[in-house]
*Asks:* 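After the structure tokens below, expect a handful of questions from me.
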Amino acid sequence: FVPEKPSSAGFASPRGQSLPARPRFFVPAPLSSGNDPTTLHFTKQEYSYITFKKCRDMLETRASHFCITILCEWKCPMKGSFMTELQELRRYRRDLHRIPELDFDLPQTIAYIEGVLAPLTCEVTHPCPSCVCAFFDAGVGAVHATAIRADMDALPIAEATGAAFASTHPGKMHACGHDGHMAMALAAATFVDRTIREQPGAIKRNVLFVFQPAEETTGGAKTVCESGVFERYGVDRIFGFHVWPDLPANTLASCSGPLLARSSETHVHIHGTSIHIAKTYGVPVNESHDAALAAAKFLVAERELMDELGADEPCIGKFGLLQAGTVCNAVAGEAHVAGSLRVFTDDMFDRAREGVRRVLDEACAATGCTYDLDFAEGYPPVDNDPELFARIAPALPELQLVDEPLLIAEDFAFYQRHLPGVFFLLGTGVPVSRDNPSDTEGCPAYATSALHTDTMLFDEEILLKGLDVYKRLLGLE
């Protein structure tokens, strides 16, 4: 490791070494490793040799656990160099898009987040497994703090976008936009850092950025709430985004009260008796012990139940998995049916569970079978705090109100059961009568595929809208 002598005028270090002037943004950038799958190149544009050394040491410590060699070269940034906010968002989003990771297993993603935060004037903590938090003291004696949340995990999907910055991790992809959520939060963090230094008092509340794991699986938000981090930093409100291809690009949408559904994975195991079909001739249905028949009866009755409940308020229960039997000429001795229940209120959740249990009991009684039924705890409904929503609405005049809650689920709901919060949807779809050109790296301007598909992609210019909303929210008292 031999640093080049800085060539531009700077300021003196404690050792008398001339250090380069601080650029506007700190930029960690994992670059393409070409055809070598064992090499990942990083560049770091640092504002001082001291910070560069600290980040280098951090990378070497992490690398020692994985038999990785770190080769560092110090190069001075040009005096006065900076990126625009769009360049910053694009850098963060595309870097993170290349390294998707799942659930709580997020080592590269966490290292990247830490690298961006390292030179900022914030306190970085890890209040629970695979979570990164960054606290900014606004310097105005604020008692309370505003939290900004971003989810870090990706999906087990093989990417098919063909983009130059596509996933380098086979079978994993940021197909739900979490790379965009992280990019907006990181850009907001650099904005907060810069504003506190350059415009004291412009941000009137302390700020906590929360980068959480496992939104797609077990609900990492719940572990964050249980960690005590919000109490530690006096957080009394939280905001978050989800990119949304079903809305035209740059649309900002939300509503007071229920926005997204409560979800509960539902698993049904039906137990019968497997015998050769020749021995069932003349046997009454209620003595057949046919697990496949019981499952079929249940699915038909459950659909009728949901139509009945849905007449009162939005409610859906669909089963996408049905497995039964082992061979074609024997009655199925076992059947497994799995699906998801989505509602918006606890009362409807109780009614739906009771109804599912009732029709399952009837289906099994009619076929001489028994069953086991399991409702997962799932996620609560995303329910925007009415008082907080009313307080922030004047700062967001372009906000469109969602007419009916959406039957998707999000673990942001756990935060809202812990403290007041508002969740937003950011449109990424193709606007009416607009073309959808792709850039030189194969990225379309707007999303044409749904979330959780292998071609879900959009340009980062849309994220500028989300960043602007965060700025306005962080400027409120």
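Numbers for residues simply follow the sequence, beginning at 1.
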*Asks:* I'd like to know whether S264 forms a side chain to side chain donor-acceptor pair (under 3.5 Å) with E377, so could you lay out the CA-CA distance, the side-chain angles of the two residues, the decisive distance to 0.1 Å, and finally the verdict.
*Replies:* CA-CA 6 Å; S264 175; E377 179 182 356; over 6 Å; no
*Asks:* Do D468 and R472 pass the salt bridge (Lys or Arg N to Asp or Glu O under 4.0 Å) test, and can you show the C-alpha distance, the side-chain angles, and the key distance before you say yes or no?
*Replies:* CA-CA 6 Å; D468 178 61; R472 283 181 272 169; 2.7 Å; yes
*Asks:* Would you call R262 and E410 a salt bridge, using N to O less than 4.0 angstrom?
*Replies:* no
*Asks:* Donor-acceptor pair, N384 side chain versus C255 backbone, under 3.5 Å?
*Replies:* yes
*Asks:* Taking NZ, NE, NH1 and NH2 as the nitrogens, is one of them in D179 or R94 under 4.0 Å from a carboxylate oxygen of the other?
*Replies:*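 No, this pair does not count.
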*Asks:* Checking the side chain of D435 only, and the main-chain atoms of P437 only, is there a donor and an acceptor separated by less than 3.5 Å?
*Replies:* no
*Asks:* Do F423 and F239 make the cut of ring centroids closer than 6.0 angstrom?
*Replies:*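 No: the rings miss the under 6.0 Å criterion.
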*Asks:* Would you say the ring centroid of F241 lies under 6.0 angstrom from that of Y470?
*Replies:* yes
*Asks:* Determine the interplanar angle of the Y233 and F135 rings, folded into 0 to 90°, and report it as parallel if under 30°, tilted if 30 to 60°, perpendicular if over 60°.
*Replies:* parallel
*Asks:* Any chance you could measure C364, atom SG, to D290, atom CG, to the nearest 0.5 Å?
*Replies:*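 The CG atom of D290 is 11.0 Å from SG of C364, to the nearest 0.5 Å.
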*Asks:* Fit a plane to each ring of H267 and H336, take the angle between them on a 0 to 90° scale, and name the class: parallel (under 30°), tilted (30 to 60°) or perpendicular (over 60°).
*Replies:*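 The rings of H267 and H336 lie parallel, inter-plane angle below 30°.
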*Asks:* Run the side chain to side chain contact (heavy atoms under 4.5 Å, CB included) test against K204 and tell me which residues pass, sequence neighbours left out.
*Replies:*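 Only E477 meet the side chain to side chain contact (heavy atoms under 4.5 Å, CB included) criterion with K204.
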*Asks:* Could you label the plane-to-plane angle of the H242 and W244 rings as parallel, tilted or perpendicular, counting under 30° as parallel and over 60° as perpendicular?
*Replies:*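 Rings of H242 and W244: perpendicular, as their planes differ by over 60°.
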*Asks:* Okay, side chain of Q416, backbone of G421: is any donor-acceptor separation there less than 3.5 Å?
*Replies:* yes
*Asks:* Apply side chain to side chain donor-acceptor pair (under 3.5 Å) to Q87 and Y92, showing your working.
*Replies:* CA-CA 9 Å; Q87 290 171 328; Y92 296 155; over 6 Å; no
*Asks:* Do the side chain of D193 and the main chain of T121 share a donor and acceptor less than 3.5 angstrom apart?
*Replies:*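 Answer holds: yes.
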*Asks:* Does R98 pair with E159 as a salt bridge, N-O distance under 4.0 Å?
*Replies:* no
*Asks:* If you measure from the Lys or Arg side-chain nitrogens to the Asp or Glu carboxylate oxygens, is any gap between R351 and D346 under 4.0 Å?
*Replies:*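 Here R351 does not pair with D346 in a salt bridge, since their nearest N and O are not under 4.0 Å apart.
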*Asks:* Among D454, T161, T455, which residue meets the side-chain hydrogen bond (donor to acceptor under 3.5 Å, both in side chains) test with S449?
*Replies:* T455
*Asks:* Indicate yes or no: does E460 engage R91 in a salt bridge with an N to O separation below 4.0 Å.
*Replies:* no
